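As the structure is a prediction and not an experimental result, all values here were calculated from the model.
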Amino acid sequence: MAATIDNSNAAQAGKKKHLGIPEAVFVEDVDSFMKQPGNETADAALRKLDEQYQKYKYMELNLSQKKLRLKNQIPQITQTLEILRHMQKKKESTERMETHFLLADNVYCKASVPPTEKVCLWLGANVMLEYDIDEAQALLEKNLSTASRNLETLVEDLDFLRDQFTTIEVNMARVYNWDVKRRSKENLLKSGDKS
């Protein structure tokens, strides 16, 4: 008994939670599924399955948008880190660093930057903070690793979601086919009674 409990706990620990996405249950036995409360008719069961399918579609849309944001954010963080590393090398020298910075879309401005110990990082939400170069580099490296980890998790969650789509689609097809068979049996019985 204890071994069974340990095995089930290990199985649950091995099963990864996917951002609270509920797992779609495969309908093995359609007859018993149709006897469950709320599945009085095939249309009601199909409506329920379609509603679940639409919820998964909505989740996929949100996760895809997050994935797109992260895919845009990671190169920006990487580019900023490269700039910081370049500034780190130049801070010991006395010569000014000549650079171009983005002023607007496709509009760059030439700048002469003196050696400095401080940088300002745009954190978003109209917030900019001044950091030492080392602190800024540590913060950006942490943000880069977090963003990369989040992107990996999102990719796994999207794969899990696609599996749920497949399960729901198969369930819908099985319920629909069950209903077609049931109606054809009823029609055969009715035509058999008339003759």
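Not counting sequence neighbours, the partners of Asp159 by the side chain to side chain contact (heavy atoms under 4.5 Å, CB included) test are Val155, Arg162. Every residue two or more places apart in sequence or in another chain that forms a salt bridge (Lys or Arg N to Asp or Glu O under 4.0 Å) with Lys118 is listed here: Asp132. Checked against side chain to side chain contact (heavy atoms under 4.5 Å, CB included), Glu95 has the following partners two or more places apart in sequence or in another chain: Lys90, Ser93.
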- Message: Please determine whether side chain to side chain contact (heavy atoms under 4.5 Å, CB included) holds for the pair Met87 and Val119, giving the CA-CA distance in whole Å, both sets of side-chain angles, and the decisive distance to 0.1 Å.
- Response: CA-CA 9 Å; Met87 289 179 76; Val119 292; 3.6 Å; yes
- What do the steps show when you test His86 against Met97 for side chain to side chain contact (heavy atoms under 4.5 Å, CB included), and what is the final call? CA-CA 10 Å; His86 184 71; Met97 183 173 55; 3.2 Å; yes
- Task: Begin with the C-alpha distance, continue with both residues' side-chain angles, and end with the deciding distance and a verdict on salt bridge (Lys or Arg N to Asp or Glu O under 4.0 Å) for Glu51 and Lys55.
- Result: CA-CA 6 Å; Glu51 182 180 318; Lys55 287 177 185 176; 3.6 Å; yes
- Going through the checks in order, is the side chain to side chain contact (heavy atoms under 4.5 Å, CB included) test met by Leu121 and Leu129? CA-CA 5 Å; Leu121 291 181; Leu129 288 177; 5.8 Å; no
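Linking ILVMFWY residues whenever their side-chain heavy atoms come closer than 4.5 Å, directly or via other members, places Leu123 and Leu70 in the same cluster. Phe165 and Ile168 fall within the same hydrophobic cluster, where Ile, Leu, Val, Met, Phe, Trp and Tyr residues are linked whenever their side-chain heavy atoms come under 4.5 Å apart, directly or through other members. Hydrophobic clustering (side-chain heavy atoms under 4.5 Å, transitive across Ile, Leu, Val, Met, Phe, Trp, Tyr) groups Val113 together with Leu81. Residues Val170 and Tyr56 do not share a hydrophobic cluster, clusters being chains of Ile/Leu/Val/Met/Phe/Trp/Tyr side chains in contact below 4.5 Å.
A pairwise comparison of heavy atoms in Ala44 and Gly38 identifies CB-O, 3.8 Å as the closest pair. Residue Pro22 comes nearest to Phe160 through the heavy atom pair O-CE2, 4.4 Å, listed as atom of the first residue, atom of the second, then distance. Heavy atoms only, all atoms of each residue included: Val175 and Ala45 are closest at CG1-CB, 4.2 Å. Between Phe33 and Asn39, the closest heavy-atom pair is O-ND2, 2.8 Å. Summarising the geometry of Pro114 relative to Arg96, their closest heavy-atom pair is CB-NH1, 3.5 Å, with the distance given to 0.1 Å.
In this structure the side chain of Ile21 reaches within 4.5 angstrom of the side chain of Leu161, judged on heavy atoms. Considering only heavy atoms from C-beta on, Arg149 comes within 4.5 Å of Thr146 through its side chain. Residues Gln88 and Asp134 are in side-chain contact: their nearest non-hydrogen atoms beyond the backbone lie under 4.5 Å apart.
The side chain to side chain donor-acceptor pair (under 3.5 Å) contacts involving residues 168-180 comprise Asp31-Trp178, Tyr53-Glu169, Asp179-Arg182, Asp179-Arg183, where partners must be two or more places apart or lie in separate chains. Among residue pairs with one or both ends in residues 92-142, none qualify as ring pair (Phe, Tyr, Trp, His ring centres under 6.0 Å); sequence neighbours excluded. Among residue pairs with one or both ends in residues 57-77, none qualify as side chain to side chain donor-acceptor pair (under 3.5 Å); sequence neighbours excluded.
Taken from CG in Asp29 to CE in Met34, the straight-line distance is 11.5 Å, to the nearest 0.5 Å. Ile83 contributes atom CD1, which lies 12.5 Å from atom CD of Gln137 (distance to the nearest 0.5 angstrom). Atom CG of Leu84 sits about 9.0 Å away from atom CD of Glu141, to the nearest 0.5 Å. Note that CG of Asn150 and CG of Asp157 are 10.0 Å apart. Values are rounded to the nearest 0.5 Å. Summarising the geometry, atom CE belonging to Met172 is positioned 13.0 Å from atom OG1 belonging to Thr167; distances are rounded to the nearest 0.5 Å. To the nearest 0.5 Å, the span separating NZ on Lys110 from CD on Glu98 amounts to 5.5 Å.
With hydrogens and angles disregarded, no donor-acceptor distance shorter than 3.5 Å links the side chain of Gln79 to the backbone of Ile77. Between the side chain of Gln164 and the backbone N or O of Glu23 there is no donor-acceptor pair closer than 3.5 Å.
A salt bridge is defined here as a Lys NZ or Arg NE, NH1 or NH2 lying under 4.0 Å from an Asp or Glu carboxylate O, and Lys190 with Glu186 fails to meet this definition.
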